[in-house]
Number of protein chains: 2
Amino acid sequence: MDNKTKARYDAKAKIFKALAHPTRLFIVDELSREEKCVCELTEMIGADVSTVSKHLSILKSAGIVMDEKRGTQVYYSLKIQCVLNFLSCVESVMKASAKEQLELVI
Amino acid sequence: MDNKTKARYDAKAKIFKALAHPTRLFIVDELSREEKCVCELTEMIGADVSTVSKHLSILKSAGIVMDEKRGTQVYYSLKIQCVLNFLSCVESVMKASAKEQLELVI
DNA sequence: AATCTATTTTCTAATTTAGCCAAATAACCA
DNA sequence: TGGTTATTTGGCTAAATTAGAAAATAGATT
């Protein structure tokens with residue numbers, strides 16, 4: 001595999017890594033409804049603000065969300081809508097697995 | 001967040017984790033063309049067989065690929081085609097980021 | 001049965017990630 | 001200016017992930 005190809009796979013992997021955490025998936029779900037400030041998300045998630053802020057920065061640097069400062073607050077919103085489509089594909093993977101599990105039991 | 005909801009996010013995250021590695025993305029790409037045995041993939045990837053085998057088992061336990069033993073070889077193939085759609089969404093995330101980078105420079 | 005081949009599993013060391021606390025920044029307000 | 005609130009950053013520790021070497025397993029062949 002040449003360097004360029006390798007770099008492409010690394011870049012793709014970075015995006016998947018950004019989504020590969022339950023808290024970050026929750027954030028994406030919430031932001032798909034409407035923008036939220038860090039404080040609102042922190043409240044919902046129930047972790048330290050610094051932790052939530054770090055999750056957001058990972059999503060941002062992957063290009064999945066964007067932020068906008070208004071007064072003292074920073075609002076985050078979903079930047080790439082198609083992320084939602086692939087969440088629904090993931091659901092289908094989950095359903096397929098669950099069905100299989102079930103068939104093993106029956 | 002109740003336990004059930006949390007479990008759902010964990011399960012989704014598991015699927016993203018499975019895809020969050022350059023080698024595993026490469027494997028998915030290859031398998032989207034046609035099934036391959038572990039030895040063929042190992043040859044292409046150039047890592048230890050045990051490493052490749054482990055990557056495959058991660059993809060399998062996430063429900064993304066399936067395997068079939070034929071003689072001494074094990075053939076892996078893509079189980080969930082929609083994974084490919086979301087790879088194309090990821091590409092669009094990458095393009096958007098690249099475009100932005102470019103605009104910063106111009 | 002003994003051996004060979006392909007693959008998986010186990011073990012260990014190295015690297016990365018997650019989460020909290022404390023400190024630093026930034027924007028607003030008195 | 002000094003203080004307050006919201007957020008980010010740095011530092012630290014614990015947990016998770018990665019990779020390869022070696023050992024174990026399963027099926028095919030002699």
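So that the names make sense, note that chain A is the first sequence line, chain B the second, and so on, each numbered from 1.
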query: Within the side chain of B/R24, is there an N or O that forms a donor-acceptor pair under 3.5 Å with the backbone of B/H55?
result: no
Please table the atom pairs, donor to acceptor, closer than 3.5 Å between any side-chain atom in residues 38-51 of chain B and protein atoms at least two apart or in another chain.
| from | atom 1 | to | atom 2 | distance (Å) |
| --- | --- | --- | --- | --- |
| B/E40 | OE1 | B/C37 | N | 2.9 |
| B/T42 | OG1 | B/V38 | O | 2.7 |
| B/D48 | OD1 | B/S50 | N | 2.9 |
| B/D48 | OD1 | B/S50 | OG | 2.8 |

query: Would a 4.5 Å heavy-atom cut-off, applied to side chains only, mark A/E91 and B/K12 as touching?
result: yes
- prompt: Hey, are the side chains of A/R8 and A/K6 touching, using non-hydrogen atoms and a 4.5 Å cut-off?
  reply: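 Sidechains of A/K6 and A/R8: no contact.
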task: Decide yes or no on salt bridge (Lys or Arg N to Asp or Glu O under 4.0 Å) for B/K14 and B/D10, but give the supporting numbers first.
output: CA-CA 6 Å; B/K14 186 188 172 186; B/D10 284 346; over 6 Å; no
Separation of atom [atom1] in [X] from atom [atom2] in [N], rounded to whole Å:
X	N	atom1	atom2	value
A/L56	D/dT8	CG	P	7 Å
B/I27	C/dT7	CD1	P	13 Å
A/D10	C/dT16	CG	C1'	14 Å
A/I58	D/dT8	CD1	C1'	13 Å

Would a single hydrophobic cluster contain both [Y] and [X], if residues Ile, Leu, Val, Met, Phe, Trp and Tyr are joined by side-chain heavy-atom contacts under 4.5 Å?
X	Y	result
A/I64	A/Y75	no
B/L19	A/I58	no
A/L59	A/M66	no
A/F26	A/I15	yes
A/L25	A/L31	yes

message: Give the residues of residues 69-76 of chain A touching DNA chain C, defined as any heavy atom closer than 4.0 Å, sorted by residue number.
response: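 Here the set is A/K69, A/G71, A/T72.
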query: What parts of residues 31-45 of chain B reach DNA chain D, counting only heavy atoms under 4.0 Å away?
result: none
Members of residues 59-68 of chain A that approach DNA chain D, where some heavy atom sits under 4.0 Å away: none
- prompt: Roughly how far, to the nearest 0.5 Å, is SG of B/C89 from CG of A/L84?
  reply: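 One finds 8.5 Å between CG of A/L84 and SG of B/C89.
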statement: Counting primed atoms, P, OP1 and OP2 as sugar-phosphate and everything else as base, the B/S/- map of nucleotides 19-25 of chain D against protein heavy atoms under 4.0 Å is BBBB---
field: Upstream residue (5' side of DNA chain D) when A/K17 and A/V49 are each assigned their closest nucleotide
entry: A/V49
message: So, using side chain to side chain contact (heavy atoms under 4.5 Å, CB included) as the criterion, who are the partners of A/S88 when residues are at least two apart?
response: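 Listed in chain order: nothing, the list is empty.
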message: Show the nearest heavy-atom pair for residues A/G63 and A/K79, with the distance to one decimal.
response: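 Heavy atoms only, the tightest pair is O-CD, 3.7 Å.
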